[in-house]
Protein chains: 2
Amino acid sequence: MNTHRIDLDDDLSVKACVHDYHPHCGNCRLSGICLPYALEAAEVEQLDSIIQRGKPLQKGQHLYRESDGFESVYAVRSGTLKAYQTTDDGREQVTGFYFPGEILGMDGIANNAHASSARALETAAVCEIPFSSLEKLSASMPHLQRHFFQLMSREIAEDQQLITLLSKSSADERVAALLLSISSRNARRRLSATQFRLSMSRVDIGNYLGLTVETVSRVFSRMQKLEILQVENKEIEILDLDALREMADLH
Amino acid sequence: MNTHRIDLDDDLSVKACVHDYHPHCGNCRLSGICLPYALEAAEVEQLDSIIQRGKPLQKGQHLYRESDGFESVYAVRSGTLKAYQTTDDGREQVTGFYFPGEILGMDGIANNAHASSARALETAAVCEIPFSSLEKLSASMPHLQRHFFQLMSREIAEDQQLITLLSKSSADERVAALLLSISSRNARRRLSATQFRLSMSRVDIGNYLGLTVETVSRVFSRMQKLEILQVENKEIEILDLDALREMADLH
DNA sequence: CCCGACCATTGACGCAGGTCAACGACCGCG
DNA sequence: CGCGGTCGTTGACCTGCGTCAATGGTCGGG
């Protein structure tokens with residue numbers, strides 16, 4: 001079922017109790033991804049103290065909506081979320097998928113209002129990090145400040161990667177690139193880089209990549225025929241990683 | 001010729017001298033765009049002291065290159081720059097145009113190396129802001145810290161706009177959106193919102209928008225025929241702003 | 001002032017991927 | 001366990017934009 005949950009629950013805080021256990025950053029398996037390396041225990045403790053952990057989001061539930069007031073950024077603890085914008089004429093654009101350890105909501109800082117909406121693609125837990133507290137804390141913790149600059153910078157760099165992808169690549173390249181991205185993000189969390197379950201629908205994939213469902217489906221079929229991929233509904237197995245890389249790079 | 005230069009030079013610092021005049025933030029006409037509003041004079045002075053102003057870039061000259069070590073972010077003082085990435089297979093992707101008052105280079109923070117290259121589209125002057133100094137200063141100036149978070153957040157939000165554009169829009173919509181973007185950025189600098197000179201080539205426009213030169217050219221011609229635009233080489237006049245907006249929104 | 005290189009425009013044509021349609025598979029629900 | 005709804009796949013067809021090619025226009029350098 002939900003392997004992330006298992007990942008996270010096997011090392012609970014000492015404060016844990018049945019209906020209100022309290023996981024914290026100090027023992028979170030994902031801290032290597034979402035926290036700066038260089039933080040000292042006391043600093044982690046401080047950071048931990050500002051973080052709020054709400055009840056899990058159910059599939060389809062919103063974490064925040066476009067134009068909601070901006071209060072916090074969020075770290076994904078388990079599950080997957082998608083961020084998306086709605087254009088004036090009602091079309092939807094998925095701008096990103098967020099996996100455990102990743103941070104979302106940073107596009108809301110500029111105007112004190114979220115520039116996108118975020119909803120859970122499956123049951124998901126998040127850590128809420130109130131931004132005003134984070135700002136204050138950053139001023140006294142250089143590592144933390146730097147880390148947030150870096151996180152935002154990475155988001156920019158990744159968006160630019162996506163821009164290039166959308167602007168220059170064929171359908172095959174786009175799908176290949178997404179699969180490789182998911183693969184490497186899985187690897188970072190010590191999950192399989194070659195076998196995983198897509199938590200998003202084909203519609204979402206197509207939307208994200210600027211393709212129609214039909215095209216995404218055809219690409220999957222084609223890759224399966226070429227024995228690059230094993231597709232069984234949402235279950236994906238990458239059979240030939242090199243071929244996939246080649247596909248993503250150039251035509 | 002270069003109206004920006006005139007804009008900037010008519011109010012020189014008292015320290016000005018022939019070969020080494022020293023403009024500073026306190027009297028820069030663009031400070032409303034690139035600095036936080038809430039900064040006090042003494043704070044501006046401090047910020048000013050870390051900023052370096054090199055000699056102008058000539059057309060085509062690089063400000064930084066992809067994978068150069070990351071040292072600074074840059075504020076455009078005059079002229080225009082483009083940022084672009086080069087993919088493995090040699091294709092180029094323009095990721096942004098930067099006008100006076102705008103800040104570039106923030107994508108380099110994540111990995112301590114620039115994620116894109118930046119070159120001048122015409123003679124341009126920039127203020128170099130060493131990032132390590134900026135970080136230190138931010139820690140003691142909450143307004144400044146907040147401002148930089150906001151700037152980066154805005155860059156993210158804008159990139160996401162572009163993603164939507166590339167993913168969902170027709171050639172007409174893309175070109176219309178770019179023209180409107182330039183128009184409103186001009187307005188912010190108190191230049192004409194309806195008449196301007198495109199500093200970038202059709203190739204760059206096409207590249208940025210994920211279109212070929214030919215398509216860009218055809219769209220311009222079509223818009224001219226519809227009396228939405230007056231195109232005379234790089235000189236653009238928007239004749240019907242509403243029609244252009246309509247074109248950008250939906251089909 | 002002239003030349004060559006580059007830039008922009010326009011036309012003819014082809015193709016990748018969008019659109020429309022039909023159908024099968026899966027899944028949550030009663 | 002059967003039923004309706006959503007999701008995914010596949011095929012046939014169509015079209016917007018890319019590609020190729022030819023021509024004119026502009027600009028910087030000698």
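For clarity, every value in this text was computed on a predicted model and none was experimentally measured. Naming convention: chains lettered A, B, ... in sequence-line order (proteins, then strands); numbering from 1 in each chain.
Evaluation of atom-type donor-acceptor distances gives no pair under 3.5 Å for the side chain of B/R218 against the base of D/dG16. Contact annotation: side chain of A/E214 to base of C/dC20, donor-acceptor pair present below 3.5 Å.
Residues A/R185 and A/S181 have side chains that bring a donor and an acceptor to within less than 3.5 angstrom of each other. Using a 3.5 Å distance cut-off with no hydrogens or angles, the side chains of A/E128 and A/S72 do pair a donor with an acceptor.
Heavy atoms of A/G210 sit under 4.0 angstrom from primed sugar atoms or phosphate atoms, though from no base atom.
In the set D/dG8, D/dA21, D/dC17, D/dC17 carries the atom at the smallest distance from any side-chain atom of B/S170. Distance from the side chain of B/S201 is smallest to C/dA8 among D/dG8, C/dT9, C/dA8. The A/L211 side chain lies nearest to C/dG18 when the options are D/dG8, C/dG18, C/dT9.
Judged by closest nucleotide on DNA chain D, A/N233 is the one of A/N233 and B/A171 placed further toward the 5' end. Comparing A/S217 and B/T212 along DNA chain D, the residue whose closest nucleotide (by nearest heavy atom) sits nearer the 5' end is A/S217.
By the 4.0 Å N-to-carboxylate-O rule, A/E122 lies too far from A/K59 to be salt-bridged with it.
Residue B/T164 forms a side chain to side chain donor-acceptor pair (under 3.5 Å) with just one option from A/E92, A/Q85, A/Q93, and that option is A/Q85.
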